[in-house]
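Heads up: the structure comes next, in structure tokens.
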Amino acid sequence: MIPSSLISFSLIALVLIFHSIAANNNNSHLIQQTCKNSSKTDPNISYKFCVSSLQAFPHSSCVKSLRQLGLISINLTRHNITDTKAYIEKLLKKKNIEPFVKDCLDDCLELYSDAIETVGDAIKDYKAKRYADANIDMSSVLDAPTTCEDGFKERNDDVSPLKKRNKDAFQLSAIALSIINMLSE
Ligand SMILES: *[C@@H]1O[C@H](CO)[C@@H](O)[C@H](O)[C@H]1NC(C)=O
Ligand SMILES: *[C@@H]1O[C@H](CO)[C@@H](O)[C@H](O)[C@H]1NC(C)=O
Ligand SMILES: *[C@@H]1O[C@H](CO)[C@@H](O)[C@H](O)[C@H]1NC(C)=O
Ligand SMILES: *[C@@H]1O[C@H](CO)[C@@H](O)[C@H](O)[C@H]1NC(C)=O
Ligand SMILES: *[C@@H]1O[C@H](CO)[C@@H](O)[C@H](O)[C@H]1NC(C)=O
């Protein structure tokens, strides 16, 4: 004999599982749809990169709207560039650092520091639905990794220790920018 409480428990468990599957599908649907739109309108955004970075965010499973997703993508950009700034500081502390590389890193540190301040402005503007201002902020944030990487390109050999990080920061801000533009339409 199976106790009836066990049966009800199993039923409740099943219902909960189906609910969470439905909710997850819904959420990933929003992320996929948004990333499809972003990568279509901006060739610099890779669909795969967009989906995997937005889904990796711990709170992304409770996202219900594009507006929430936009804030998450700006937040993600902030975390990413804050970490890269700390990484640059760490690189600058190394001994025997090449003077050319050191000059580039000094420039990058300044660019990233400014970008962190600007992404803070972007969050304020976004929360107040000042999308035009948030667009200007994020456009300026997006320039930082590009300008940083360009510094290293002044010499032909491949010396940038920030290549991947700059690329990530560029794409993350491009995604945020594209969501801001979707919302302001
Ligand atoms: C799925 O999303 C739509 C709107 O995009 C919403 O109306 C619906 O309640 C959501 N369903 C679940 C299970 O979250
Ligand atoms: C994506 O684009 C389609 C068509 O352009 C539009 O119907 C849909 O609402 C957009 N989705 C988001 C999340 O902006
Ligand atoms: C893509 O990025 C390049 C520089 O990396 C830029 O010149 C170009 O305007 C960007 N395209 C779009 C659609 O944003
Ligand atoms: C920055 O974002 C990229 C893409 O989501 C990720 O692969 C990378 O680990 C992130 N870096 C940090 C330090 O958060
Ligand atoms: C943004 O990040 C902050 C911490 O840096 C966190 O407290 C907040 O919940 C995040 N917001 C969203 C929408 O992810």
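Scope of the values below: all heavy atoms of this structure, side chains included, with no hydrogens, waters or symmetry mates. Every number for a ligand or one of its atoms is a count from 1 in the order of the listing.
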* To do: Specify whether the nearest protein heavy atom to atom 11 (N) of ligand 4 is under 4.0 angstrom away.
  => yes
* Protein contact of atom 6 (C) of ligand 4 - nearest heavy atom, named by residue and atom, plus distance -> Asp168 OD2, 4.0 Å
* Asked: Near Phe49, which atoms of ligand 4 are under 4.0 Å from a heavy atom of that residue?
  -> 4 (C)
* Give the numbers and elements of all ligand 4 atoms closer than 4.0 Å to a heavy atom of Lys164. => 7 (O)
* Gln171 side-chain N/O to Cys50 backbone N/O, donor-acceptor pair under 3.5 Å -> no
* **Protein heavy atom at shortest distance from atom 13 (C) of ligand 4** => Asp83 OD2, 3.1 Å
* Structure fact -> Which of Asp143, Thr146, Val141 passes side chain to side chain contact (heavy atoms under 4.5 Å, CB included) with Phe170? Answer is Thr146
* Would you check if Lys129 and Arg67 make a side-chain contact, meaning some heavy-atom pair closer than 4.5 Å? => yes
* Asked: Between Asn181 and Asn135, is any side-chain donor less than 3.5 angstrom from a side-chain acceptor?
  -> yes
* **Structural part of Leu76 in contact with ligand 4, heavy atom criterion under 4.0 angstrom** => neither
* Which residue holds the protein heavy atom closest to atom 14 (O) of ligand 4, what is that atom called, and what is the gap in Å? -> Asn80 ND2, 3.2 Å
* To do: Step through the shown structure and confirm whether more than 12 heavy atoms of other residues, nucleotides or ligands are within 6.0 Å of CD on Glu110.
  => no
* Give a yes/no on ligand 4: does Tyr87 have at least one heavy atom closer than 4.0 angstrom to it? => no
* Structure fact -> Tightest non-hydrogen contact, residues Val119 and Ile116, listed as CG1-O, 3.2 Å
* Asked: Are side-chain N/O atoms of Tyr112 and Asp83 paired as donor and acceptor at under 3.5 Å?
  -> no
* Asked: Of the protein's non-hydrogen atoms, which lies at the shortest distance from atom 5 (O) of ligand 4, and what is that distance?
  -> Ser53 CB, 3.0 Å
